[in-house]
There are 2 protein chains.
Amino acid sequence: MDRTARRSENRYGNRPTMKDVAARAGVGLKTVSRVVNGEPGVTPDTERRVQEAIAALGFRRNDSARVLRKGRTASIGLVLEDLADPFYGPLSRAVEEVARAHGALLINGSSAEDPDREQELVLALCARRVDGLVVIPAGDDHRYLEPEIAAGVATVFVDRPAGKIDADVVLSDSFGGARDGVAHLIAGGHRRIGFIGDQPRIHTAAERLRGYRAAMEDAGIPVEDHWMSLGVTDPERVRRAAEEMLQGPDPVTAIFAGNNRVTVTVVRVLSEVDRSVALVGFDDIELGDLLRPGVTVVAQDAAQLGRTAAERLFRQLDGVTLLPERIELPTRLIRRGSGELPPAD
Amino acid sequence: MDRTARRSENRYGNRPTMKDVAARAGVGLKTVSRVVNGEPGVTPDTERRVQEAIAALGFRRNDSARVLRKGRTASIGLVLEDLADPFYGPLSRAVEEVARAHGALLINGSSAEDPDREQELVLALCARRVDGLVVIPAGDDHRYLEPEIAAGVATVFVDRPAGKIDADVVLSDSFGGARDGVAHLIAGGHRRIGFIGDQPRIHTAAERLRGYRAAMEDAGIPVEDHWMSLGVTDPERVRRAAEEMLQGPDPVTAIFAGNNRVTVTVVRVLSEVDRSVALVGFDDIELGDLLRPGVTVVAQDAAQLGRTAAERLFRQLDGVTLLPERIELPTRLIRRGSGELPPAD
DNA sequence: CCCGCATCTGACAACGTTGTCCAGGCCCTA
DNA sequence: TAGGGCCTGGACAACGTTGTCAGATGCGGG
């Protein structure tokens, strides 16, 4: 009959509200709100009574209502390709740290490299009214985000640029990194160098391919079509692609691997091959230094990517109006042995 | 002056509401709601007008308001130790997949193994009114969750049991796995076996230590204190601990490493040592098969842990009232060479 | 003793959505 | 043509919080 009894009829458990706390403490609703939010203007005695009621009832403020009222959610969304990919672990951790420093929570989802799923996720996050978005784009058309950005959702793209809209983007220098990596192989005496990478519709993959071509062209080496394998990342097909490059009339003496997953598989293949084949991979891989030979890589700093993007995001949120910018982080060639093997022929 | 003009005065951008859509389409508020939610009872013609207005205004439903009204958020929280740890990548991905299958979003945070931070995160998630929680506990006292669970927040602990409350938990058989791993070394002829693990206040670490002791005791081997190093995980100290075990009057001939991070560092140390020392690690590590020798591990299935926990969570949410249960998943010994090295003395 | 001021407190509306319920219009039948 | 049932649409309250504003209380000074 009384209020407490009525509450227990609620559908989902029976969480106390500020009203309940107020009733129990014998104060007004707004006073409870003041105590909960640490606002001034409450006598110590009143505050104590309210705190006791809060503790007794196990009250916890309902942030949904708060958000509705205040307009800000103190949460940001992170859409990436695959949470399980070791490349994204440090990246999301870095984004989380920055978010935490700004008192925001992180909601994240994996697009699985599917543009539709990316859009679905992003829009779901917008419906939750996240304050901002960090997106590693899977698709190449982000015009669907225009109304959201216009409505004030801060947005930063990472690792790959946004498609068909003008927005902030933070990425690694894929072109320069790949060019340097391939040039390193060329400097070591290699001329027949293979490239295994992802589909060129993925920006980073295309840039790395371009870097490969540029290094070859700079050295005056014509590239044979069958030295390049594009759009393969699953182990099975990478394996086959590598094996094919290593056979035939003019087999490659070195391979440039376009990302961490490709590198891992190529390492496996090369460990089973008699011949000594040089390898440089894009992205660092764990334990790369302990393999024999150590794996030479063009490393990018995933954590730095995430940190930079998140910081940019919160600068947007702090109300600074910034023109969309493209921030490119350098890569670093780490020599460990596999990239320094001389050509075997 | 008119409604549209007023809207643009809003603080945070100017997002259209259902009211705006209704005005533009010339229908009532509730009709817009019906269209947005796919409820029946709207003529095709009306629906078309509403859809047009939605598209023209760039309307997106405000889920905060929806949540406030409906009581469910369709989101679950995941609190783990460190998003960047390769062990948790597949785990969170698995949780995300299950959540997605149930139409829920995933909010996650890292506790950094700090009980206070865990509690802070968990309570922040509860304030957001997540429907459920998957928690990899850092602390050992979770009574602070009692009011939340009573209020209907479904909760499942993973990897380690909850402290001082009765709740679902999904974990790997740390004790059995460690015992088997150590027994494997003993079967290979080792008697002086070292153990390097995390602080025993962490349940998994304690269980693995217990497994180590059990295997030794089963074989009738008394354990020397200086064979065990507890509470060290940072590379520097693991390195020192390993080096100490390998020196002195009765140096160990084999090491059991208590988790993936320890294993990696021990592999590094052993690669610099002349002597041949056997190694079995808990947790699989990437590329463990490519090292020479390959790294023998007691593998647990992180994805399966996450999947099992999340499915249990949604079963709770589907209204099935279940008694708290402890689900233990088996581990698997993977022989790759390092665990099969004979004792060197 | 009363006034004015400062301090503390509470009533009320609003945030944007959904559930309830009723009104009006249509078609069908008697 | 009147009556009944069905379908569509809309008015209104409620979800739990916060911002606004005004009322109550207490205190010191004239």
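Here is the naming used below: chain letters follow the sequence lines, and residue numbers restart at 1 for every chain. Note that the structure is a prediction, hence the values are computed from the model and not measured.
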In whole Å, what is the span from the [atom1] atom of [X] to the [atom2] atom of [N]?
X: A:Leu29; N: D:dT20; atom1: CG; atom2: P; answer: 16 Å
X: A:Arg129; N: C:dG16; atom1: CZ; atom2: C1'; answer: 9 Å
X: A:Leu68; N: C:dC15; atom1: CG; atom2: P; answer: 9 Å
X: A:Lys19; N: C:dC12; atom1: NZ; atom2: P; answer: 12 Å
X: B:Glu39; N: C:dT17; atom1: CD; atom2: P; answer: 14 Å
X: B:Arg34; N: D:dT8; atom1: CZ; atom2: C1'; answer: 7 Å
X: A:Met18; N: D:dT17; atom1: CE; atom2: C1'; answer: 6 Å
X: B:Lys30; N: C:dT17; atom1: NZ; atom2: C1'; answer: 9 Å

What's [X] touching, base or sugar-phosphate or nothing? Going by heavy atoms closer than 4.0 Å.
X: A:Gly41; value: base
X: A:Arg61; value: sugar-phosphate
X: A:Val67; value: nothing

### Query
What residues in residues 42-55 of chain B put a non-hydrogen atom under 4.0 Å from any atom of DNA chain D?
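The answer is B:Val42, B:Thr43, B:Thr46.
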### Message
Can you see if the side chain of A:Thr31 gets near the phosphate of C:dG10 - specifically, an N or O under 4.0 Å from OP1 or OP2?
### Response
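Yes, because at least one side-chain N or O of A:Thr31 sits under 4.0 Å from OP1 or OP2 of C:dG10.
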### Query
Within the structure, does a side-chain N or O atom of B:Lys70 lie under 4.0 Å from either OP1 or OP2 of C:dG19?
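True: B:Lys70 side-chain N/O within range (under 4.0 Å) of C:dG19 OP1/OP2.
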#### Entry: Residue pair B:Glu96 / A:Ser110, side-chain donor-acceptor N/O under 3.5 Å
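The answer is yes; a qualifying pair exists.
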### Query
Can A:Gln304 and A:Arg307 be counted as having a side-chain donor-acceptor contact under 3.5 angstrom?
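Result is yes, a qualifying pair exists.
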### Which residues share a ring-ring contact (aromatic ring centres under 6.0 Å, His included) with B:Tyr88, sequence neighbours left out
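Here no residue qualifies.
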### Query
Sequence neighbours excluded, which residues qualify as ring-ring contact (aromatic ring centres under 6.0 Å, His included) partners of B:His102?
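In terms of ring-ring contact (aromatic ring centres under 6.0 Å, His included), with neighbours along the sequence ignored, B:His102 is linked to B:Phe314.
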### side chain to side chain donor-acceptor pair (under 3.5 Å) partners of B:Glu47, counting only residues at least two apart
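Residues passing side chain to side chain donor-acceptor pair (under 3.5 Å) with B:Glu47: none at all.
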### Given DNA chain D, 5'-ward residue of the pair B:Val27 and A:Asn37, judged by closest heavy atom
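Upstream on the strand: B:Val27.
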### Query
For A:Arg24, what residues pass the side-chain contact (heavy atoms from CB on, under 4.5 Å) criterion, not counting sequence neighbours?
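If we apply the side-chain contact (heavy atoms from CB on, under 4.5 Å) test to A:Arg24, skipping adjacent residues, the hits are A:Ala53, A:Ala56, A:Leu57.
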#### Entry: Sequence-distant partners of B:Asp159, salt bridge (charged side-chain N to carboxylate O under 4.0 Å, His left out), two or more places apart
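With sequence neighbours excluded, B:Asp159 shows a salt bridge (charged side-chain N to carboxylate O under 4.0 Å, His left out) to no residue whatsoever.
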